[in-house]
*Asks:* 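Here it is, the structure, as C-alpha cells.
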Amino acid sequence: MIVSTPNQTHAGERRVALTPDVTTKLITSGHTVLVESDAGTAAGFRDDQYLEAGAQIVSAQEAWGGDLVAVVEPPDRAVTGYLARGSVLIGLLAPLEQPGAMRRLADAGVTALAFELLPRITRAQSMDALSSQATVAGYEAVIVAADHLPKFFPMLTTAAGTIAPARVIVLGAGVAGLQAIATARRLGAVVSSFDVRSAAAEQVQSLGATFIDLTVERQDEKAAGGYARELARDDQAALLESLTPHITAADAVISTAQIPGRPAPTLITETMVEAMRPGSVIVDVAAPTGGNCTLTAKGEVVDHQGVTIVGWTDLPSRVAADASRMYARNVLSLIGLISDPIDLSDEVLEGCAVTHAGKITNERVRGLLEGV
C-alpha cells in the first residue's frame, strides 16, 4: 500500500501521525511511504530524517492521496476532496463531535477508522491512541500546573526553614489522571484523587496517592466500556457538595473527567474557585469537551479572583515529539491489521470503522446525523 501522512491543517497542532522510525518499519513491511514536506517539523522531525528512513517527500495533495492516509486530527472540508475514493483514513477523527465531517468522508467513498471507537479489548491495546495521548496530557497538565503555581511542588528543608509541599488533587483517575498522579508524586507533591469508578481507589493508592472516599455510589466501569457514566442530577449535586472542602484546600487541581460523546461533567463550580486561595491553579484537561470547571475558557488561561484556570486544549501537542512517537506506534499497530482492499470482518476494524463504501457504518454516528 501507499501509506501517506499530510501536514496537519488544524492551527497549533504540532504532532505528526508518522515518525521516521515508524516509516522505516512500514517500508520494511513492503509499504511505500509519502510524507508531506514539513509534516514533522513542528514535532522535531525534519524532512531529511524521513528521506533517510526511505520515505518520499511530496506535496499536500499527494500526501492526502495515498491508499491509506494517517492523520492526527480530522481533515477539514478543504482537503477532504484530495482523498481518493476507496482509500482508508485513520486518526483521531472526533466522529461523535463532528458527525457532519463523517458524512463528507462517506460521500467521498473513504473508509474512515477512528481511534476513539477502538474496542477496549486486549488485542487493541497497542493501537489505543486515546490512552497514549491521555498519558501525555496527564503528564503535561502537571508540568503546566507547576509552572503556574507560585510555590514549590516538593517539601524543601533549607537554612531559611522548611517549605511545605504543594497539595495536588487529581479529579478522574483514568489514564490521564493516573499519569498526572504519578507525575505530581515524582515532583514531590502531596497528592489525592477522586473517581466514581469502583476500581479507581486501588489504582490511586498503588501510586502512593490518597483516594478521596466520598459518599457517592461507585460505578462498575466494565458496564460502560471502561468509562464513567454521567451521574443523575441529585448524585451530581451531592458529589459537588462533598468535593468542595477538598478542592478549596488544594494548591493545584488537575481535572481529567470526561464522558465519551458527552460534555465533560461539572466538578468545580465558581463558588469553589472563589473559596480557593489566591495563587491556586486549576488545569482542566477536559477543556476540549467543555471542561470540568464552570469557569474554564476553551483554549485560554483565566484569572478569577487570583485563581488561575488553564483551559488549553492542546496539551499532547505541547509535548509533540514524544506524543507523535507514541501515536505513530498506535498507527503502525492498526495498519498491521489492514489489507488492501480493507476487510472489516476483524472485530477491531469493525469497531473503529465510521464510514465504508459510501455509508456511515457506526450506529451512534448515524443516530447523530438523523438531525443533521
Side-chain angles (χ1 to χ4, degrees), residues 1-76 78-79 82-84 86-93 110-113 115 118 124-133 135-137 139-140 143 314-342:
M1 283 190 298
I2 297 176
V3 179
S4 61
T5 193
N7 207 336
Q8 285 301 132
T9 57
H10 292 255
E13 179 56 71
R14 302 171 182 86
R15 292 171 292 176
V16 63
L18 298 178
T19 52
D21 62 318
V22 164
T23 295
T24 298
K25 292 176 181 177
L26 287 169
I27 291 171
T28 300
S29 298
H31 301 292
T32 298
V33 178
L34 308 181
V35 178
E36 182 183 347
S37 181
D38 288 329
T41 301
F45 305 112
R46 303 183 309 272
D47 284 355
D48 64 282
Q49 292 176 283
Y50 287 102
L51 290 170
E52 290 172 7
Q56 300 174 38
I57 302 300
V58 299
S59 67
Q61 187 166 350
E62 291 174 292
W64 283 103
D67 300 322
L68 186 150
V69 182
V71 296
V72 178
E73 295 188 345
D76 58 30
V79 298
Y82 292 157
L83 291 162
S87 64
V88 177
L89 177 72
I90 62 177
L92 292 165
L93 304 180
V110 173
T111 296
L113 305 179
F115 281 117
L118 197 76
Q125 285 182 348
S126 64
M127 310 161 202
D128 190 355
L130 281 184
S131 290
S132 75
Q133 301 308 290
T135 296
V136 182
Y139 164 86
E140 182 64 7
I143 301 303
D314 61 347
L315 290 173
S317 184
R318 290 171 181 265
V319 196
D322 283 337
S324 296
R325 289 187 179 97
M326 296 168 75
Y327 185 79
R329 290 166 190 166
N330 299 140
V331 170
L332 178 65
S333 293
L334 185 57
I335 289 175
L337 298 181
I338 299 173
S339 57
D340 187 14
I342 191 169

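The figures that follow rest on heavy atoms only: side chains count, while hydrogens, waters and symmetry mates do not.
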*Asks:* With side chains defined as the heavy atoms from C-beta onward, is the minimum distance between Val88 and Met1 less than 4.5 Å?
*Replies:*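 Val88 vs Met1: side chains apart.
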*Asks:* Kindly indicate, with the supporting measurements, whether the criterion side-chain contact (heavy atoms from CB on, under 4.5 Å) is fulfilled by Val16 and Tyr50.
*Replies:* CA-CA 12 Å; Val16 63; Tyr50 287 102; 3.6 Å; yes
*Asks:* Supply the atom-to-atom distance Leu68 CG to Asp340 CG, rounded to the nearest 0.5 angstrom.
*Replies:*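 Result: 9.0 Å between the selected atoms.
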*Asks:* If you take all heavy atoms of Arg15 and Pro316, which pair is closest and at what distance?
*Replies:*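 Minimum heavy-atom contact is NH1-CB, 3.6 Å.
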*Asks:* Would you say Ser131 and Asp128 are linked by a side-chain donor-acceptor pair, where the criterion is simply a distance under 3.5 Å?
*Replies:*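 A pair is found: one side chain offers a donor N or O, the other an acceptor, under 3.5 Å apart.
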*Asks:* Closest heavy-atom contact between Ser87 and Gly66?
*Replies:*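 Of all heavy-atom pairs spanning Ser87 and Gly66, the closest is CB-O, 3.5 Å.
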*Asks:* To the nearest 0.5 angstrom, please state how far the CG atom of Leu130 sits from the CG atom of Leu118.
*Replies:*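 Reported value, rounded in 0.5 Å steps: 8.0 Å.
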*Asks:* If I compare all heavy atoms of Pro74 with all of His10, which pair ends up nearest, and what's the gap?
*Replies:*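 Taking every non-hydrogen atom into account, O-NE2, 2.7 Å.
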*Asks:* Picking from Leu332, Val3, Val33, what satisfies side chain to side chain contact (heavy atoms under 4.5 Å, CB included) with Val22?
*Replies:*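 In the set Leu332, Val3, Val33, the residue that makes a side chain to side chain contact (heavy atoms under 4.5 Å, CB included) with Val22 is Leu332.
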*Asks:* Does the side chain of Ile342 reach to within under 4.5 Å of the side chain of Leu113, using non-hydrogen atoms?
*Replies:*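 Yes, side chains in contact.
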*Asks:* How long is the straight-line distance from CG of Leu34 back to CH2 of Trp64, given to the nearest 0.5 Å?
*Replies:*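 Output value for this atom pair is 13.5 Å.
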*Asks:* Ala70 and Val331: which non-hydrogen atoms are nearest, and at how many Å?
*Replies:*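 The answer is CB-CG1, 3.9 Å.
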*Asks:* How close do Glu36 and Ala60 get, heavy atom to heavy atom, and via which atoms?
*Replies:*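 Result for this residue pair: OE2-CB, 3.4 Å.
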*Asks:* Looking at Ile2, Val35, Thr32, which hits side chain to side chain contact (heavy atoms under 4.5 Å, CB included) with Gln56?
*Replies:*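 It is Thr32; the other options fail the test.
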*Asks:* Tell me if a side-chain donor or acceptor on Ser4 pairs with a main-chain N or O of Ala63 at a distance below 3.5 Å.
*Replies:*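 Checked: pair present.
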*Asks:* Quick one: closest heavy-atom pair of Leu92 and Phe115, and the distance?
*Replies:*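 The answer is CD2-CB, 3.7 Å.
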*Asks:* Please confirm whether the backbone N or O of Arg14 pairs with a side-chain atom of Ser317, one donor and one acceptor, at under 3.5 Å?
*Replies:*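 Between the backbone of Arg14 and the side chain of Ser317 there is a qualifying donor-acceptor contact (under 3.5 Å).
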*Asks:* Please answer whether the main-chain N or O of Ser126 pairs with a side-chain N or O of Asn330 as donor and acceptor at a distance below 3.5 Å.
*Replies:*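 Yes; at least one donor-acceptor contact below 3.5 Å.
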*Asks:* Between Thr5 and Val72, is there a side-chain heavy-atom distance shorter than 4.5 Å?
*Replies:*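 Side chain of Val72 against side chain of Thr5, heavy atoms only: no contact under 4.5 Å found.
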*Asks:* Quick one, Val136 with Arg318, criterion side-chain contact (heavy atoms from CB on, under 4.5 Å). Give me CA distance, side-chain angles, the key distance, then yes/no.
*Replies:* CA-CA 9 Å; Val136 182; Arg318 290 171 181 265; over 6 Å; no
*Asks:* Once rounded to the nearest 0.5 Å, what's the spacing between atom CD of Gln49 and atom OG1 of Thr24?
*Replies:*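 Here the interatomic distance stands at 10.5 Å.
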*Asks:* Working to the nearest 0.5 Å, report the span between CD of Gln61 and CG of Leu83.
*Replies:*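 Atom-to-atom, Gln61:CD and Leu83:CG are 11.0 Å apart.
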*Asks:* State the OG-CD1 distance between Ser37 and Ile57, to the nearest 0.5 angstrom.
*Replies:*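 If we round to the nearest 0.5 Å, Ser37:OG and Ile57:CD1 are 6.5 Å apart.
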*Asks:* Less than 4.5 Å apart, any side-chain heavy atom of Pro75 and any of Leu89?
*Replies:*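 Result yes, sub-4.5 Å side-chain heavy-atom pair found.
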